[in-house]
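Notes follow once the structure below has been shown.
A quick note: this is a predicted structure, and the numbers were derived from the prediction, not measured.
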Amino acid sequence: MTKINGLLTKIVCVAIFSITLFAKDTLYVGTNAEFAPFEYLEYNKIVGFDIELIKEIGNIIDKDIKVKNISFDGLLPALEAKKIDIIIAGMTITEDRKKFVDFSDAYFSAKQVIILKKDVNNINSLNDLVDKKTGVILGYTGDLIVSKIKGINKEQYNSTSGGIIALLSGKIDAFVLDSAPSKNYIKKNKNLKIVELDIAEENYAIAIRKNQDNLVFQINLALKKLKSNGVYDKLLEKYFK
Ligand code: ARG
């Protein structure tokens with residue numbers, strides 16, 4: 001009896017040991033899924049360029065990826081509170097955000113653009129927005145840029161779709177947003193157009209809690225690999241061509 005018990009104990013121990021040894025760690029990833037084509041909902045599933053990119057990174061660094069959908073301005077607090085481990089959300093590297101988080105290497109460059117109704121011809125630059133009602137999304141880099149221009153009548157929205165609806169219904173004259181999601185909206189609304197701006201590019205990167213140098217290092221290595229093995233280009237092709 002004791003022999004059998006001893007054997008059982010051994011088997012149980014080996015089983016537990018192997019499970020803990022081979023079970024992948026989970027990386028909880030925060031995003032805000034209203035930023036197509038980077039992240040958006042399709043039949044309630046979070047999909048998009050960023051989501052596929054982070055899953056590929058997960059494969060390389062051997063982590064299970066679980067994505068959580070959070071409001072954009074809730075992402076940094078969720079990271080700080082350890083509710084998530086990293087953020088991928090088309091998030092621009094800014095000096096201000098760098099005070100709170102570390103960023104991976106950049107994986108995409110973008111610019112802000114102005115979205116207008118097709119028949120509006122007197123707005124061609126940020127300065128033309130003075131005295132105009134301009135929509136932005138609360139806390140997005142577009143919000144920061146517009147806030148620097150004196151005399152702009154800024155209206156903050158909580159979601160991109162909210163801003164587009166306001167523009168279409170004439171509540172605002174213009175809407176400032178990142179280029180790729182803007183192009184996506186233009187495709188769907190034939191009476192809207194984009195004005196490109198002569199301003200600096202922004203870089204999107206993955207945000208990681210501070211003092212996690214090893215994770216930053218692994219993610220950067222994985223990004224390099226995906227750029228050199230063609231996977232990154234395939235994703236670009238799938239979502240931006
Ligand atoms: N690039 C802009 C920023 O960092 C907007 C990002 C919005 N992303 C999103 N998933 N909703 O502020």
Side-chain angles (χ1 to χ4, degrees), residues 31-44 46-51 69 71-75 89-94 96-97 106-204 235-241:
T31 195
N32 170 247
E34 41 181 76
F35 201 62
F38 294 95
E39 42 268 333
Y40 54 103
L41 294 176
E42 207 171 66
Y43 304 111
N44 272 331
I46 308 170
V47 295
F49 177 86
D50 282 352
I51 310 304
N69 194 10
S71 68
F72 190 75
D73 61 344
L75 285 169
M91 186 176 268
T92 304
I93 304 173
T94 67
D96 208 38
R97 289 174 182 156
Y107 67 85
F108 197 90
S109 54
K111 263 190 180 184
Q112 298 298 311
V113 299
I114 305 176
I115 311 177
L116 299 172
K117 279 206 192 155
K118 253 201 181 132
D119 54 359
V120 175
N121 293 315
N122 57 348
I123 298 176
N124 297 301
S125 69
L126 281 176
N127 283 327
D128 292 339
L129 293 174
V130 174
D131 292 332
K132 300 277 183 327
K133 271 199 185 161
T134 304
V136 294
I137 309 293
L138 180 72
Y140 280 19
T141 36
D143 188 358
L144 302 179
I145 287 174
V146 164
S147 304
K148 283 186 196 142
I149 299 169
K150 274 202 193 116
I152 288 192
N153 194 342
K154 185 178 89 172
E155 298 275 333
Q156 285 173 317
Y157 292 88
N158 287 317
S159 70
T160 12
S161 46
I164 293 289
I165 291 169
L167 183 65
L168 286 168
S169 69
K171 273 199 187 135
I172 50 175
D173 304 304
F175 182 34
V176 175
L177 185 68
D178 300 54
S179 40
S182 299
K183 281 183 191 146
N184 227 50
Y185 278 106
I186 298 309
K187 267 192 218 157
K188 289 187 209 139
N189 294 284
K190 296 288 170 223
N191 45 346
L192 294 179
K193 67 174 180 184
I194 281 177
V195 169
E196 309 266 354
L197 297 171
D198 190 18
I199 53 172
E201 286 200 328
E202 306 183 357
N203 287 307
Y204 296 169
L235 288 181
L236 281 186
E237 181 80 22
K238 173 168 175 188
Y239 286 97
F240 298 97
K241 290 286 141 65

Audit row: E196, K111, side chain to side chain contact (heavy atoms under 4.5 Å, CB included) steps and yes/no: CA-CA 8 Å; E196 309 266 354; K111 263 190 180 184; 5.6 Å; no
Could you pull out the closest heavy-atom pair between [X] and [Y], with the gap in Å?
X	Y	value
F35	A89	CD2-O, 4.2 Å
Y40	G48	CE2-CA, 3.8 Å
N158	L138	OD1-CD2, 3.8 Å
A106	I93	CB-CD1, 4.4 Å

Closer than 3.5 angstrom, by distance alone: can the side chain of [X] be matched with the main-chain N or O of [Y] as a donor-acceptor pair?
X	Y	result
T141	Q112	no
K241	K238	no
N191	K118	no
N69	A33	yes
K117	L168	yes
D50	G90	yes

Test log, rule side chain to side chain contact (heavy atoms under 4.5 Å, CB included), inputs V113 and V176: CA-CA 6 Å; V113 299; V176 175; over 6 Å; no
Measure the spacing between [atom1] of [X] and [atom2] of [Y] and express it to the nearest 0.5 Å.
X	Y	atom1	atom2	result
N32	L75	CG	CG	6.0 Å
S182	L192	OG	CG	10.0 Å
Y185	T160	OH	OG1	3.5 Å
K193	I114	NZ	CD1	10.5 Å
I172	L167	CD1	CG	5.0 Å
I165	S159	CD1	OG	7.0 Å

Qualifying residue for ring-ring contact (aromatic ring centres under 6.0 Å, His included) with F38, from Y204, Y107, Y239: Y204
Residue of the set F72, Y157, F175 for which ring-ring contact (aromatic ring centres under 6.0 Å, His included) holds with Y140: F72
Is the shortest side-chain heavy-atom distance between [X] and [Y] below 4.5 Å?
X	Y	result
L236	F49	yes
I46	L41	yes
F108	N203	no

Run the side-chain donor-acceptor check on residues 142-156: report pairs under 3.5 Å with partners two or more places apart or on a different chain.
unit_1: D143; atom_1: OD1; unit_2: S147; atom_2: OG; d: 3.4
unit_1: D143; atom_1: OD1; unit_2: K154; atom_2: NZ; d: 2.7
unit_1: D143; atom_1: OD2; unit_2: G139; atom_2: N; d: 3.0
unit_1: D143; atom_1: OD2; unit_2: Q156; atom_2: NE2; d: 2.9
unit_1: S147; atom_1: OG; unit_2: D143; atom_2: O; d: 2.6
unit_1: S147; atom_1: OG; unit_2: K154; atom_2: NZ; d: 2.8

Side-chain donor-acceptor pairs of residues 124-131 under 3.5 Å, sequence neighbours excluded:
unit_1: S125; atom_1: OG; unit_2: N127; atom_2: N; d: 3.4
unit_1: S125; atom_1: OG; unit_2: D128; atom_2: N; d: 3.4
unit_1: D128; atom_1: OD2; unit_2: N124; atom_2: N; d: 2.7
unit_1: D128; atom_1: OD2; unit_2: S125; atom_2: N; d: 3.2

Any donor-acceptor N or O pair under 3.5 Å, side chains T94, D96: no
CA sep, side-chain torsions, deciding dist, call: K188, I164, side chain to side chain contact (heavy atoms under 4.5 Å, CB included): CA-CA 11 Å; K188 289 187 209 139; I164 293 289; over 6 Å; no
D198 atom CG, neighbour heavy-atom count above 12 within 6.0 Å: no
K133 NZ: over 12 foreign heavy atoms closer than 6.0 Å: no
Verdict with supporting geometry, I51 and T31, side chain to side chain contact (heavy atoms under 4.5 Å, CB included): CA-CA 9 Å; I51 310 304; T31 195; 4.2 Å; yes
